[in-house]
**Q** 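Let me begin by handing over the structure; questions about it come next.
Computed from a prediction, not measured in an experiment: that's the story for all the values here.
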Amino acid sequence: MDLVSIRVITDDVARLAGFYAKATGVPPTFYTEDFAELSTARATLAIGSTRTVPLFAPGAAQPADNRSVIIEFLVDDVDRVHKNLADLVDDLVQQPTTMPWGNRSLLFRDPDGNLINFFTPVTSAAAERAQRYPAADGQFRRGRPPAAPPPKLADLLL
């Protein structure tokens, strides 16, 4: 088994696909006005219209109603990406922050309120974990060397 996609349901497929295209640099493929996909080397973000929900089960999904899932993208330099997103992102949740598990993460919400995490591994352990994900060119990512050690979880909770 392999996880291949996550589908986001929205009232406006073109708007949401356009947002993700600008944020990621990945062009969407529109199969119909009700369905588009943005595919990377490892996974696909599918974007479906509310009109597609009854095909699965009426009322099974609702747009702009997610508060439990984070859609994550591995990026080469989260600080650079943060600067590039300044004019696109209206709801910045967290500035780039080095997490206790070794990723530097940027959290923001898409126009429908879905939580997005762009992250870059900055410790050797996180870089090793990231090697299992191929880059767009098919090569495996190496991560970048840590700029500073990540904070300890206990220090973050004080």
Side-chain angles (χ1 to χ4, degrees), residues 1-10 12-30 35-48 61 63-158:
M1 183 184 316
D2 194 12
L3 177 63
V4 295
S5 74
I6 292 176
R7 184 176 311 205
V8 176
I9 298 299
T10 183
D12 192 337
V13 173
R15 174 184 53 92
L16 203 57
F19 173 85
Y20 280 101
K22 289 176 186 171
T24 65
V26 176
T29 300
F30 285 85
F35 186 75
E37 292 181 335
L38 288 87
S39 295
T40 67
R42 192 68 173 159
T44 297
L45 177 63
I47 301 172
D65 196 33
N66 173 35
R67 290 293 189 219
S68 64
V69 173
I70 302 173
I71 302 170
E72 298 188 309
F73 293 88
L74 177 64
V75 299
D76 289 328
D77 184 344
V78 74
D79 293 291
R80 179 181 47 77
V81 170
H82 173 239
K83 290 175 187 168
N84 294 343
L85 291 176
D87 293 333
L88 179 66
V89 173
D90 292 329
D91 190 354
L92 181 65
V93 176
Q94 178 177 284
Q95 301 281 334
T97 301
T98 302
M99 306 306 269
W101 46 90
N103 289 334
R104 189 155 174 80
S105 294
L106 166 67
L107 294 172
F108 59 95
R109 293 195 184 278
D110 72 14
D112 277 5
N114 298 300
L115 189 58
I116 310 302
N117 177 23
F118 280 7
F119 72 95
T120 301
V122 294
T123 65
S124 56
E128 280 184 42
R129 285 191 306 273
Q131 286 182 18
R132 64 183 170 207
Y133 306 114
D137 61 6
Q139 299 298 310
F140 284 90
R141 297 180 180 275
R142 300 289 179 240
R144 62 181 187 177
K152 291 184 169 62
L153 182 59
D155 294 337
L156 295 172
L157 298 175
L158 294 178

**Q** So, the side chain of T44 versus the backbone of S5: is there a donor-acceptor pair under 3.5 Å, distance only?
**A** no
**Q** Output the distance between atom CZ (F108) and atom CD (Q95), rounded to the nearest 0.5 Å.
**A** 12.5 Å
**Q** Tell me if a side-chain donor or acceptor on T24 pairs with a main-chain N or O of V26 at a distance below 3.5 Å.
**A**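 Yes; judged by distance alone, with no hydrogens or angles, the pair exists.
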**Q** The test is side chain to side chain contact (heavy atoms under 4.5 Å, CB included); show your working for L74 and F119 and say whether it passes.
**A** CA-CA 5 Å; L74 177 64; F119 72 95; 3.4 Å; yes
**Q** Going by atom types alone, do T98 and R104 pair a side-chain donor with an acceptor below 3.5 Å?
**A** yes
**Q** For V89 and L92, work out which heavy atoms get closest and say how close.
**A**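 That would be CG1-N, 3.9 Å.
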**Q** Evaluate the side-chain proximity of D110 to F19: yes if any heavy-atom separation is below 4.5 Å, no if none is.
**A** yes
**Q** Would you check if F118 and L85 make a side-chain contact, meaning some heavy-atom pair closer than 4.5 Å?
**A**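 They are in side-chain contact.
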**Q** Side chains of L115 and S68: does their closest heavy-atom pair fall under 4.5 Å?
**A** no
**Q** Return the minimal non-hydrogen interatomic distance between N103 and P121, and the atom names on each side.
**A**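 N103 and P121 have their closest heavy atoms at OD1-CA, 3.4 Å.
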**Q** State, with a plain yes or no, whether a side-chain heavy atom of L107 is found less than 4.5 Å away from one of I116.
**A**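 Not in contact.
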**Q** Applying side chain to side chain contact (heavy atoms under 4.5 Å, CB included) to D79 and V81, what does each step give before you reach the verdict?
**A** CA-CA 5 Å; D79 293 291; V81 170; over 6 Å; no
**Q** Is there side-chain contact between R129 and W101, with at least one heavy-atom pair below 4.5 Å?
**A** yes
**Q** Could you tell me whether the side chain of S105 reaches within less than 4.5 Å of the side chain of T97, counting heavy atoms only?
**A**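 SC-SC contact between T97 and S105 ruled out.
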**Q** Walk me through it: do V13 and F30 pass the test side chain to side chain contact (heavy atoms under 4.5 Å, CB included)?
**A** CA-CA 9 Å; V13 173; F30 285 85; 3.9 Å; yes
**Q** Just verifying a value: how many Å separate N114 CG and D91 CG, rounded to the nearest 0.5 Å?
**A**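 Those atoms lie 11.0 Å apart.
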**Q** Test F35 against R7 for side chain to side chain contact (heavy atoms under 4.5 Å, CB included), laying out the working first.
**A** CA-CA 10 Å; F35 186 75; R7 184 176 311 205; 3.7 Å; yes
**Q** Report yes if the side chains of I71 and L45 come closer than 4.5 Å at any heavy-atom pair, otherwise no.
**A**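 They are in side-chain contact.
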**Q** When rounded to the nearest 0.5 angstrom, what distance separates CD1 in I47 from CG in L38?
**A** 5.5 Å
**Q** Between R67 and G113, which heavy-atom pair has the shortest distance, and what is it?
**A** NH1-O, 3.3 Å
**Q** Under 4.5 Å between any side-chain heavy atoms of N66 and V8, yes or no?
**A**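 SC-SC contact between N66 and V8 ruled out.
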**Q** Where is the tightest heavy-atom contact between H82 and L106, given as atom of each residue plus distance?
**A**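 For H82 versus L106, the nearest heavy atoms are CD2-CD1, 3.5 Å.
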**Q** Determine the minimum heavy-atom distance between A23 and L88, stating which atoms define it.
**A**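 For A23 and L88, the tightest heavy-atom pair comes out as N-CD2, 3.5 Å.
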**Q** Between T10 and D112, does any side-chain donor sit less than 3.5 Å from a side-chain acceptor?
**A** yes
